Amino acid sequence: MKIVVCVKQVPDTAAKVVVDGGVVSWGDAPLVINPWDEYAVEAALQLAEKSGGTVTAISLGGEAAKEALKHALAMGCNDAVLVNDPALADIDTQGAARVLAAAIQKTGDARIAVFGKQAIDGDSGVTAAQTARALGWPALTLAASVSLDGDTLKVERAMEEGRQKAEAPLPAVLSIVKDFGEPRYPSFMGIRKAAKAEIPAWSLADLGVAAPAAAVTWKEILNPPARQVTNEMITGASPDEIAAKLADKIMEEKVL
Ligand SMILES: Cc1cc2nc3c(=O)[nH]c(=O)nc-3n(C[C@H](O)[C@H](O)[C@H](O)COP(=O)(O)OP(=O)(O)OC[C@H]3O[C@@H](n4cnc5c(N)ncnc54)[C@H](O)[C@@H]3O)c2cc1C
């Protein structure tokens with residue numbers, strides 16, 4: 001069974017994001033595979049191991065996104081494809097979903113497309129559901145555990161209130177949450193294989209898709225407003241006195 005996993009290249013979580021004149025940059029901070037997508041890769045690999053299948057990693061992005069694909073290869077994916085086209089620079093999630101759907105279809109007879117819960121930069125968390133819509137496949141989102149029963153994909157969805165069991169026939173889209181379990185580390189052999197891998201790049205023409213115009217446009221990007229912070233040392237003769245003063249202060253400021 002062919003399984004596809006979609007991975008995004010994002011700035012490291014430690015990166016300091018700066019907005020200058022509406023342009024976002026994160027300086028020299030390293031780019032990494034979206035942390036949630038490592039869980040998606042883990043889920044895809046486990047599904048492939050259980051079903052005797054293969055996993056193809058797909059990333060839509062610039063040349064740098066090949067690093068995210070190499071990470072997926074080093075974890076154990078069989079092959080990887082970059083979708084790269086200058087016309088994709090300002091697309092919205094719906095456009096990204098349409099292009100990802102076309103790439104998933106071009107891989108051949110993919111039966112499962114696995115996504116992370118959310119990208120830590122764009123943060124919309126809708127690409128999995130929108131890609132499912134573009135493919136016409138059911139979406140099983142926020143999966144904390146996954147199993148295959150013949151042609152039926154079964155998941156336990158993690159929600160704030162508890163768990164929900166859901167299932168859908170293949171082909172289907174999955175999005176995976178952290179509760180799935182720790183993603184494996186890339187193996188030494190995997191890292192060597194990934195370093196040598198030739199990753200093909202597909203353009204929109206290769207996919208037979210017209211450049212999608214963004215329906216949602218980003219009008220302005222701002223730094224968060226600066227916060228006013230003042231420090232006050234609370235002193236007292238004993239820890240009890242300091243704690244009492246602190247409690248009074250918290251009540252006075254209506255923090256509690
Ligand atoms: C230069 C630039 C300009 C942009 N302009 C706009 C704009 O004008 N309007 C607008 O609405 N958005 C814009 N975007 C955001 C862009 O639409 C999103 O980054 C993208 O569609 C994915 O959404 P997300 O990051 O919120 O991912 P989410 O929906 O949070 O991601 C969920 C999952 O989908 C998968 N996924 C997401 N992105 C990719 C990818 N690229 N490749 C492979 N898998 C992926 C991953 O598995 C991920 O875990 C812009 C982005 C950039 C870099």
Side-chain angles (χ1 to χ4, degrees), residues 3-11 13 15 17 19-26 29 31-45 55-73 75 77 80-104 106-107 110 112-135 137 139-143 173-178 180 183 199 201-202 204 207 209 211-221:
I3 297 161
V4 169
V5 60
C6 291
V7 297
K8 187 178 184 190
Q9 179 87 329
V10 297
T13 41
V17 179
V19 184
D20 191 5
V23 178
V24 182
S25 96
W26 39 85
L31 294 170
V32 296
I33 185 171
N34 177 40
W36 298 114
D37 297 350
E38 293 187 78
Y39 294 90
V41 173
E42 180 60 39
L45 292 172
V55 182
T56 299
I58 296 182
S59 190
L60 190 161
E63 196 59 25
K66 280 191 176 169
E67 289 309 310
L69 291 170
K70 287 191 174 178
H71 188 96
L73 287 171
M75 284 177 74
C77 291
V81 180
L82 176 72
V83 179
N84 184 6
D85 195 299
L88 295 171
D90 290 325
I91 54 169
D92 61 9
T93 54
Q94 220 167 0
R98 268 194 228 119
V99 175
L100 285 171
I104 290 164
K106 189 175 161 66
T107 60
I112 305 176
V114 192
F115 289 74
K117 164 186 182 275
Q118 202 163 358
I120 63 161
D121 57 350
D123 263 338
S124 65
V126 296
T127 307
Q130 288 181 331
T131 307
R133 172 82 196 259
L135 287 163
W137 296 2
L140 295 168
T141 54
L142 308 181
V173 165
L174 273 176
S175 80
I176 302 293
V177 294
K178 200 175 169 188
F180 185 86
I199 298 178
W202 291 344
L204 288 177
L207 296 176
V209 175
V216 176
T217 49
W218 288 359
K219 289 298 177 200
E220 199 175 4
I221 296 168

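In each ligand, atom 1 is the first atom listed, and ligand 1 is the first ligand listed. The shown structure was predicted, so the numbers you read here are calculated from the model rather than taken from an experiment. Along the sequence shown, residues carry numbers from 1.
- Remark: Thr93 pairs with Gln130 by the side chain to side chain donor-acceptor pair (under 3.5 Å) rule, at least two apart or across chains.
- Using a 4.5 Å cut-off on side-chain heavy atoms (C-beta onward), Val10 and Pro35 make contact.
- Evaluation of the salt bridge (Lys or Arg N to Asp or Glu O under 4.0 Å) test over residues 116-125, restricted to residues two or more places apart or in two chains, returns Lys8-Asp121.
- Side-chain atoms of Asn84 do not come within 3.5 Å of backbone N or O of Ala201 as any donor-acceptor pair.
- Counting non-hydrogen atoms of neighbouring residues, nucleotides and ligands closer than 6.0 angstrom, the NZ atom of Lys106 exceeds 12 such neighbours.
- For Gln9, there are no side chain to side chain donor-acceptor pair (under 3.5 Å) partners, not counting sequence neighbours.
- Residues of the protein with a heavy atom under 4.0 Å from ligand 1 are Cys6, Val7, Lys8, Asn34, Asp37, Ile58, Ser59, Leu60, Ala89, Asp90, Ile91, Asp92, Thr93, Ala96, Leu100, Phe115, Gly116, Gln118, Ala119, Asp121, Gly122, Asp123, Ser124, Gly125, Val126, Thr127, Val216, Thr217, Trp218, listed by chain and number.
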